[in-house]
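In this text the structure is predicted, and so the values were computed from the model without any measurement. Along the sequence shown, the residues carry numbers beginning at 1.
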Amino acid sequence: RFAELMGAETSEDLIGLTSEGSWVNSKELAHHLAQRETRVEHMTAEVQRRRLDGTVWWCHFHSYPFVFGGEEGWINWHEDITERKQAEDELRAQNDFIKFLHRISLVSNEAPTIEDAFKACLDEICVSTDWPIGHVYVHAPDHEVPLQPSGVWHLPRPKKTFAAFRKITEATGFQLGEGLPGRVLESRSAMWVDDINKDGNFPRAKECNDIGVRAGLAFPVIHDGQILAVFEFFSEQAEAPDQRTLDMLANVGQQLGGV
């Protein structure tokens, strides 16, 4: 049974496999080995193990010491609890999402102006998602260039780290379908660019050799079917798209539209 859990066909396939090679967390392994040294009467824990093919699974194990014929040993029992852990993670994420939306609702409704609401939400989103840079483009449909920089920012300290990007952004408006904000305006949906240096439609990246940001994501704020603004966020590293984050921010856009 344990051989199957470890992705092996037979127990012989596990010969030579060390604890160091199959435990994901080295600190948990060290604690486990220390307990074995002291012959703890009953050891139990939920830990991540690594199969022979490298995939990771959650293991709930019990270990009991025994002595037979003068020889010491251990009786081990293992259970695959990966599905349970995944369900717990999903529930935790849902609860975090509900709390996040509550905070967004609270700060936006307490803001005296729409600009203050945008700023408060921008800060909350950056802190909650660990994206260090946030900016708001305002949609002015009657303007020749309909997306205009707002001057509403969330920036880490020191701000000079992204001075070039801020300067370029505050001098750049966008047409429908142009750049990340323009594409969001056109699609009316959240969008993620994993690396702007490899994106063919990110004009601000062409304004200097190193614009200081890599990944970007953006979402529209919609009220009564009209886009009021586009929130955009940036990271210093390239990052693969995360659908959960995109779905969360799309929900925020709908909520902000009702402020």
Notebook entry, point to check: Distance under 6.0 Å and angle within 45° of the ring axis: does R50 meet both against W57?
Noted result: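 No, a cation-pi geometry is absent between R50 and W57.
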Please check this pair: side chain of [X] against backbone of [Y], looking for a donor-acceptor N/O pair closer than 3.5 Å.
{"X": "R36", "Y": "P65", "answer": "no"}
{"X": "N201", "Y": "G179", "answer": "yes"}
{"X": "E88", "Y": "K85", "answer": "no"}
{"X": "R51", "Y": "L5", "answer": "yes"}
{"X": "D224", "Y": "Q226", "answer": "no"}
{"X": "S150", "Y": "V136", "answer": "yes"}

Checklist line | Residues in side-chain hydrogen bond (donor to acceptor under 3.5 Å, both in side chains) contact with K167, at least two apart in sequence or another chain | finding: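 Expected list: none.
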Distance-only donor-acceptor check, side chains [X] and [Y], under 3.5 Å:
{"X": "R103", "Y": "S128", "value": "yes"}
{"X": "T82", "Y": "Q86", "value": "no"}
{"X": "H78", "Y": "H60", "value": "no"}

Item checked: Member of V152, T172, I227 meeting the side-chain contact (heavy atoms from CB on, under 4.5 Å) criterion with Y137 ->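 For Y137, the side-chain contact (heavy atoms from CB on, under 4.5 Å) test succeeds with only one of V152, T172, I227, which is T172.
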Ignoring hydrogens and angles, write down the donor-acceptor pairs under 3.5 Å from the side chains of residues 92-100, residues two or more places apart or on other chains.
residue: R92; atom: NH1; partner: D89; partner atom: OD1; Å: 2.7
residue: Q94; atom: NE2; partner: E90; partner atom: OE2; Å: 3.4
residue: N95; atom: ND2; partner: L91; partner atom: O; Å: 3.4

Check: Looking at E46 and R84, does any basic side-chain N land under 4.0 Å from a carboxylate oxygen?
Finding: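 Salt bridge: yes.
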Next item on the list: On the 0 to 90° scale, with breaks at 30° and 60°, tag the F219-F233 ring pair as parallel, tilted or perpendicular.
Entry: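 Because their plane-to-plane angle is under 30°, the rings of F219 and F233 count as parallel.
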Checklist line | Plane angle bin for F165 and W153 - parallel if under 30°, tilted between 30 and 60°, otherwise perpendicular | finding: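 Because their plane-to-plane angle is over 60°, the rings of W153 and F165 count as perpendicular.
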Margin query: Suppose we screen for side-chain contact (heavy atoms from CB on, under 4.5 Å). Which residues come up paired with A215, at least two apart in sequence or across chains?
Written below: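 Counting only residues at least two positions away or on another chain, A215 forms a side-chain contact (heavy atoms from CB on, under 4.5 Å) with W131, S235, E239.
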Next item on the list: List in chain and number order the residues that pass side-chain contact (heavy atoms from CB on, under 4.5 Å) with A205, two or more places apart in sequence or in another chain; answer none if no residue qualifies.
Entry: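 Here the qualifying residues are I196, F202.
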Note to self: Is it the case that over 12 heavy atoms from other parts of the model lie below 6.0 angstrom from the CZ atom of F66?
What the structure shows: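 Check passes, neighbour count above 12.
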Starting from [Y], can I reach [X] by hopping between I/L/V/M/F/W/Y residues whose side chains sit under 4.5 Å apart?
{"X": "V107", "Y": "I114", "answer": "no"}
{"X": "F61", "Y": "L52", "answer": "no"}
{"X": "V230", "Y": "V145", "answer": "no"}
{"X": "L33", "Y": "V47", "answer": "yes"}
{"X": "V138", "Y": "F174", "answer": "no"}

Can you give each donor-acceptor pair under 3.5 Å made by side-chain atoms of residues 23-31, sequence neighbours left out, with the distance rounded to 0.1 Å?
residue: N25; atom: OD1; partner: K27; partner atom: N; Å: 2.9
residue: N25; atom: OD1; partner: E28; partner atom: N; Å: 3.1

Notebook entry, point to check: Linking Ile, Leu, Val, Met, Phe, Trp and Tyr by side-chain heavy atoms under 4.5 Å, what else ends up with I81?
Noted result: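 Under the 4.5 Å side-chain rule, I81 groups with W58.
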